[in-house]
Amino acid sequence: QVQLVESGGGSVQAGGSLRLSCAASGGLPLNDRCIAWFRQAPGKERERVAVKYTVTDRTDYADSVKGRFTISQDNSKNTMSLQMNSLKPEDTAMYYCAAASISWSCSGLSWEQYDYRGQGTQVTVSS
């Protein structure tokens, strides 16, 4: 069974850093497809914070995290990561990883259009 499992969430003070990881299992390679990180805060809609076109290495970020977050992947471990620096209280949310079956138009994909989605890991940033 294909699964994406996130780890690395936790509580941190504003200005701190966290690194989220997402491991793929069940025979799902993370290369040659769109991969992304989403987040959802209480009472708010889910938003995409970072997406990567694994074929071209192109990355796109939400304006709110640009310059602070970095999406990456490790093909040898079949994992993807989200490095989060200079964290702010407004970054507090449940973070989810996702992978699609396609490798193009990644920036136009909604959460529901990602074929594989993790269960989430909580990030809490205190002021």
Visitor: Quick check: do Arg117 and Cys97 have side-chain heavy atoms less than 4.5 Å from each other?
Guide: no

Visitor: Does Asp57 reach the side chain of Lys52, with side-chain heavy atoms less than 4.5 Å apart?
Guide: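 SC-SC contact between Asp57 and Lys52 confirmed.
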
Visitor: Only counting residues at least two apart or in another chain, list the ones meeting salt bridge (charged side-chain N to carboxylate O under 4.0 Å, His left out) with Lys66.
Guide: Asp63

Visitor: State which residues pass side-chain hydrogen bond (donor to acceptor under 3.5 Å, both in side chains) with Ser76; sequence neighbours excluded, sorted by chain then number.
Guide: Asp74

Visitor: Can you give me the closest heavy-atom contact between Gly108 and Arg48, atom names plus distance?
Guide: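 Taking every non-hydrogen atom into account, N-NH1, 4.5 Å.
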
Visitor: Can you give me every donor-acceptor pair (side chain of residues 18-29, partner residue at least two apart or in another chain, under 3.5 Å) with its distance?
Guide:
| residue | atom | partner | partner atom | Å |
| --- | --- | --- | --- | --- |
| Arg19 | NH1 | Gln83 | OE1 | 3.1 |

Visitor: List the atom of Gln122, the atom of Ala93, and the distance in Å for their closest heavy-atom pair.
Guide: NE2-O, 3.4 Å

Visitor: Could you pull out all residues at least two apart from Ser17 that satisfy side-chain hydrogen bond (donor to acceptor under 3.5 Å, both in side chains)?
Guide: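 Ser17 satisfies side-chain hydrogen bond (donor to acceptor under 3.5 Å, both in side chains) with Asn85 once adjacent residues are dropped.
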
Visitor: Taking all non-hydrogen atoms of both residues into account, name the closest pair between Leu4 and Ala99 and its distance.
Guide: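 Nearest heavy atoms, Leu4 then Ala99: CD1-N, 3.8 Å.
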
Visitor: Could you note down all residue pairs passing side-chain hydrogen bond (donor to acceptor under 3.5 Å, both in side chains) where residues 29-38 supplies at least one of them, sequence neighbours left out?
Guide: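 Those involving residues 29-38 do not exist here.
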
Visitor: Mind listing the closest non-hydrogen atom pair of Cys106 and Tyr114 along with its distance?
Guide: O-OH, 3.5 Å

Visitor: Return the set of residues passing ring-ring contact (aromatic ring centres under 6.0 Å, His included) with Trp111 (not counting sequence neighbours), or none when no residue passes.
Guide: Phe38, Tyr96

Visitor: Kindly indicate whether the side chain of Tyr53, heavy atoms from C-beta on, has any atom under 4.5 Å from the side chain of Ser103.
Guide: no

Visitor: Pairs in or reaching into residues 59-89: which pass ring-ring contact (aromatic ring centres under 6.0 Å, His included), with residues at least two apart or in two chains?
Guide: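 Qualifying pairs, neighbours excluded: none.
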
Visitor: Name all residues meeting the side-chain hydrogen bond (donor to acceptor under 3.5 Å, both in side chains) criterion together with Ser101; count only those two or more places apart in sequence or in a different chain, and write none if there are none.
Guide: Asp115

Visitor: Minimum heavy-atom separation for Ser127 and Ala14, please, with both atom names.
Guide: CA-CB, 4.3 Å

Visitor: For Arg46, enumerate each residue passing the salt bridge (charged side-chain N to carboxylate O under 4.0 Å, His left out) test, keeping only those at least two apart in sequence or located in another chain.
Guide: none

Visitor: Does anything in residues 14-36 pair up under ring-ring contact (aromatic ring centres under 6.0 Å, His included), and if so which pairs, sequence neighbours excluded?
Guide: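 Counting only pairs at least two positions apart or across chains, no ring-ring contact (aromatic ring centres under 6.0 Å, His included) contact touches residues 14-36.
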
Visitor: Assess whether side-chain contact (heavy atoms from CB on, under 4.5 Å) is satisfied between Val49 and Leu82, documenting all intermediate values.
Guide: CA-CA 10 Å; Val49 296; Leu82 184 69; 4.2 Å; yes

Visitor: For residues Val5 and Leu30: do they belong to one hydrophobic cluster (side chain heavy atoms under 4.5 Å, members Ile, Leu, Val, Met, Phe, Trp, Tyr)?
Guide: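 Not linked; separate clusters.
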
Visitor: With side chains defined as the heavy atoms from C-beta onward, is the minimum distance between Thr54 and Ile35 less than 4.5 Å?
Guide: yes

Visitor: Got Thr79 and Gln73 here, is their nearest side-chain heavy-atom distance under 4.5 Å?
Guide: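 Sidechains of Gln73 and Thr79: no contact.
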
Visitor: Return each pair, listed once, that meets salt bridge (charged side-chain N to carboxylate O under 4.0 Å, His left out) where at least one residue sits in residues 85-95; pairs must be two or more places apart or across chains.
Guide: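 Qualifying pairs, neighbours excluded: Arg39-Asp91, Arg68-Asp91.
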
Visitor: More than 12 non-hydrogen atoms from neighbouring residues, nucleotides or ligands closer than 6.0 Å to CD on Gln13, yes or no?
Guide: no

Visitor: Indicate the atoms forming the closest heavy-atom contact of Ser107 with Val51, along with that distance.
Guide: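 So the minimum-distance heavy-atom pair works out to OG-CG1, 3.9 Å.
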
Visitor: Does any pair with a residue in residues 70-92 pass ring-ring contact (aromatic ring centres under 6.0 Å, His included), and if so which ones, sequence neighbours excluded?
Guide: none

